[in-house]
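Worksheet for the structure shown next.
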2 protein chains.
Amino acid sequence: MAATIRDVAREAGVAVCTVSFAMNGSAHVAEATKKRIFEAIEKLNYRPNQSARGLVTKKTNNIGLVVEDTVDGLENSILLDVIKGLGQATGDNNYDLLLSFQKPSTSKLADHLLDVYRKQSADGLILMGAAINQPFDELIKNRFPFVLLGRPAIPGLCHSVNADNEQGAYEAVKYLVGKGHRRIALITPCTLEVDASLDRYNGYRLAMEEFVGRFDEQLVAIGSFEQDSGYAETEKLLSLKDRPTAIIAGRDVIASRVVERAQELGYAVPDDVAVIGFDNTVVSQLARPSITSIELPMRQMGLEAAKLLMKLIDGEIGFDDIQTIVLPCTVCEREST
Amino acid sequence: MAATIRDVAREAGVAVCTVSFAMNGSAHVAEATKKRIFEAIEKLNYRPNQSARGLVTKKTNNIGLVVEDTVDGLENSILLDVIKGLGQATGDNNYDLLLSFQKPSTSKLADHLLDVYRKQSADGLILMGAAINQPFDELIKNRFPFVLLGRPAIPGLCHSVNADNEQGAYEAVKYLVGKGHRRIALITPCTLEVDASLDRYNGYRLAMEEFVGRFDEQLVAIGSFEQDSGYAETEKLLSLKDRPTAIIAGRDVIASRVVERAQELGYAVPDDVAVIGFDNTVVSQLARPSITSIELPMRQMGLEAAKLLMKLIDGEIGFDDIQTIVLPCTVCEREST
DNA sequence: TTGCTTTCCGCCCACGATTGCAATACCATT
DNA sequence: AATGGTATTGCAATCGTGGGCGGAAAGCAA
């Protein structure tokens, strides 16, 4: 049904290889002939068959994207930004994105991931989600390009792109100190086993030591993925003898709970307590008062990851020259501080 | 580098075609031989090369997903749910998802869409986004399977899957009437040129006529995509002589504005005014009071769309037997009503 | 005329898998 | 021993593109 290169050659009155040369530019083709060929291509709506092309060039022009399908509905809007960034970079470079969401039932996830490589349906992989770990050996051993995105890197082993969570928390503290706060509390996004959580904790700790001169364990509460995480913690923090005048929440949802509880307890936000969230989602925009939030450069992360992967595929970056890209977060100021 | 079918044949001590038969089940292969073959496959981590396979079978086992990359950040979490639904259905059926976001600069969008078809890099297409219109002719003429998802259908021409926005608004009214309300206002999600907006408007109108006996133009305000859409409208609606006791907002974001403004004006929610949102996003969960919202079955829409498309690809549904799937919305009850 | 370059063609192989065909090997039943 | 059925094989063609090679044709300059 669809036109083949032969049809184009016939239409343009040239040989098949001349068409191929004209398109791929690996030999001299006279301008006039080129023009005839491209007119024929246009007329027949010809595009080289991907399968055939892939078979001989050993390139699919696909980038595989494997995402661990976790349940936390909130990260969704963030995730989509990453995907859009990826889509932009790949689209601009004539790549397509081969997407698969997989539940974090580790075996299926790993299988699917390896299948993309084994079936050779993509030239490289981008991996998102913490549960993916086991199957890296085969990829590395066979020098198949892949990039970890927005998840804990494995230093010296895998290329990765991530947001600088540590710096983000650090900036949050610095910003609050600039506003005159010295008793600044932290509610972590979740338990410290999760890397992003630990990073934010560390950034907070570092900044407190640097700007306030002292890190007080009492001012740290551990958040969770529970619906109302932040609610009880707020009360606990505000009832300390020397209560904090500012609270950094590890996620926007938590921050909205913090604001809510603080107000219930009679504290005005931001006058009595300032609040900062994390991730700069709709939640922080819509809360009243709107909540200052640390913005993660999700779209840019996707963009950089795709660019990096494409360089790896093209061999512009050597396999053993492990790249670790960490992108800075920015403070997005709103009413809550 | 990667193993080929020849390697497997050699390893198992059989002929190439026996391996192929064993895998694709198109001839008799003895159990014992089958076992040897699958052991060899396992040992070599063999998977048939997609390009080679696609070339001869004329199937890629990919489904193309073309999404119009609009800017409205809020629809994101919803969009991702659709994608997850798609991913689930395709993954379960051994398909992959070929994703491309494109800005609604119509020409690029259309080009990319047609390229997927012309390059034959997918067996079918799923299209999301209102700006995609022009290039259907080529697809239809060549009987290439595609499904419109979550956007205005073209009756009798294209297969489509959508949420029943009309029924959703209808249910909202019905629910409020059940709670004793009779003066029920509507703020549309945006202008009525947008189909979903019009559908919700019609559903509201229908239900008002049916359950209240009278449709009052005064009770309808036109919303927009502005940040604070809903704010001014609320004031207008509440200052009517015979003010509404309930407001249906066309989107959750708008609903949150409605609640906010109503409270500022001294009306208690839900006691003085009940509020219902649309889309059941995080916003409605996090608002205080939490907002009752009409939930669109996004994930299921993705699932159904993928299933439909796969049936079309397999020829289980004829080309001219146009399917229009409309999935019902449900009321998700919260504090605001 | 000769020599040289540019442009083009035809031919052929390769890529990896599927599949039809004809042939053979094996086994069990009669 | 003959028959029939099942299991397996080799061979070859096919899919659409890419690309190497040698050669032919055409144009141009000396």
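Proteins get letters first, then strands, A, B, ... in listed order; numbering begins at 1 in each. Excluded from the calculations below are hydrogen atoms, water molecules and symmetry mates; all remaining heavy atoms, backbone and side chain alike, are included.
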Worksheet item: Could you state the CG-C1' distance from A:Asp7 to D:dG16, rounded to the nearest angstrom?
Response: 11 Å
Item to complete: State, to 0.1 Å, how close B:Arg36 and B:Ala12 come at their nearest heavy-atom pair, and which atoms those are.
Response: NE-O, 3.0 Å
Discussion item. Tell me whether B:Arg47 is salt-bridged to B:Asp7, with the criterion being a basic N under 4.0 Å from an acidic carboxylate O.
Written reply: no
Polar-atom pairs under 3.5 Å, protein N or O versus N or O of nucleotides 10-15 of chain C: list them with distances, or write none.
residue : atom : partner : partner atom : Å
C:dC15  : O3'  : A:Lys58 : NZ           : 3.3

Worksheet item: Between D:dG16 atom P and A:Lys59 atom NZ, what is the distance in whole Å?
Response: 23 Å
Practice prompt. Mind checking side chain to side chain contact (heavy atoms under 4.5 Å, CB included) for B:Leu312 and listing every partner two or more places apart, or none if nothing turns up?
Written response: B:Pro145, B:Val147, B:His159, B:Leu308, B:Leu309, B:Ile317
Worksheet item: Which atom names give the shortest non-hydrogen contact between A:Pro297 and A:Pro328, and what distance separates them?
Response: CG-O, 3.4 Å
Practice prompt. Could you state the atom-to-atom distance from CD1 of B:Ile5 to P of D:dT9 in whole Å?
Written response: 12 Å
Item to complete: For a side-chain hydrogen bond (donor to acceptor under 3.5 Å, both in side chains) with A:Arg53, tell me which candidate from A:Asn61, A:Asn24, A:Thr60 qualifies.
Response: A:Asn24
Worksheet item: Tell me, which of residues 37-51 of chain B have any heavy atom that sits under 4.0 Å from an atom in DNA chain C?
Response: B:Tyr46, B:Pro48, B:Asn49
Response to the item:
To the nearest angstrom, the CE-P distance between B:Met23 and C:dG16 comes to 16 Å
Worksheet item: Looking for any heavy atom pair under 4.0 Å, which part of the strands does A:Thr4 touch: base, sugar-phosphate only, or nothing?
Response: sugar-phosphate
Worksheet entry | Value in whole Å for how far the C1' atom of D:dA7 lies from CZ of B:Arg36 | 12 Å
Fill in: Integer-rounded Å distance: C:dT19 C1' and B:Arg53 CZ
13 Å
Worksheet item: How about A:Phe136 and A:Phe146: are their ring centroids closer than 6.0 Å?
Response: yes
Fill in: No-hydrogen, no-angle side-chain donor-acceptor test under 3.5 Å, A:Tyr95 and A:Lys59
yes
Worksheet item: Is atom CD of B:Glu42 surrounded by more than 12 heavy atoms (other residues, nucleotides or ligands) closer than 6.0 Å?
Response: no
Item to complete: Provide, to the nearest angstrom, the distance between the CG atom belonging to A:Asn61 and the P atom belonging to D:dT17.
Response: 15 Å
Discussion item. So, does B:Thr18 get its side chain near the phosphate of D:dT8, meaning an N or O under 4.0 Å from OP1 or OP2?
Written reply: no
Discussion item. Rounded to whole Å, how long is the line connecting atom CZ of A:Arg6 with atom C1' of D:dT17?
Written reply: 8 Å
Fill in: Considering all heavy atoms, the nearest A:Leu79-A:Met128 contact
CD1-CE, 3.3 Å
Practice prompt. Examine D:dT17: is either OP1 or OP2 under 4.0 Å from a nitrogen or oxygen in the side chain of A:Ser20? Give yes or no.
Written response: no
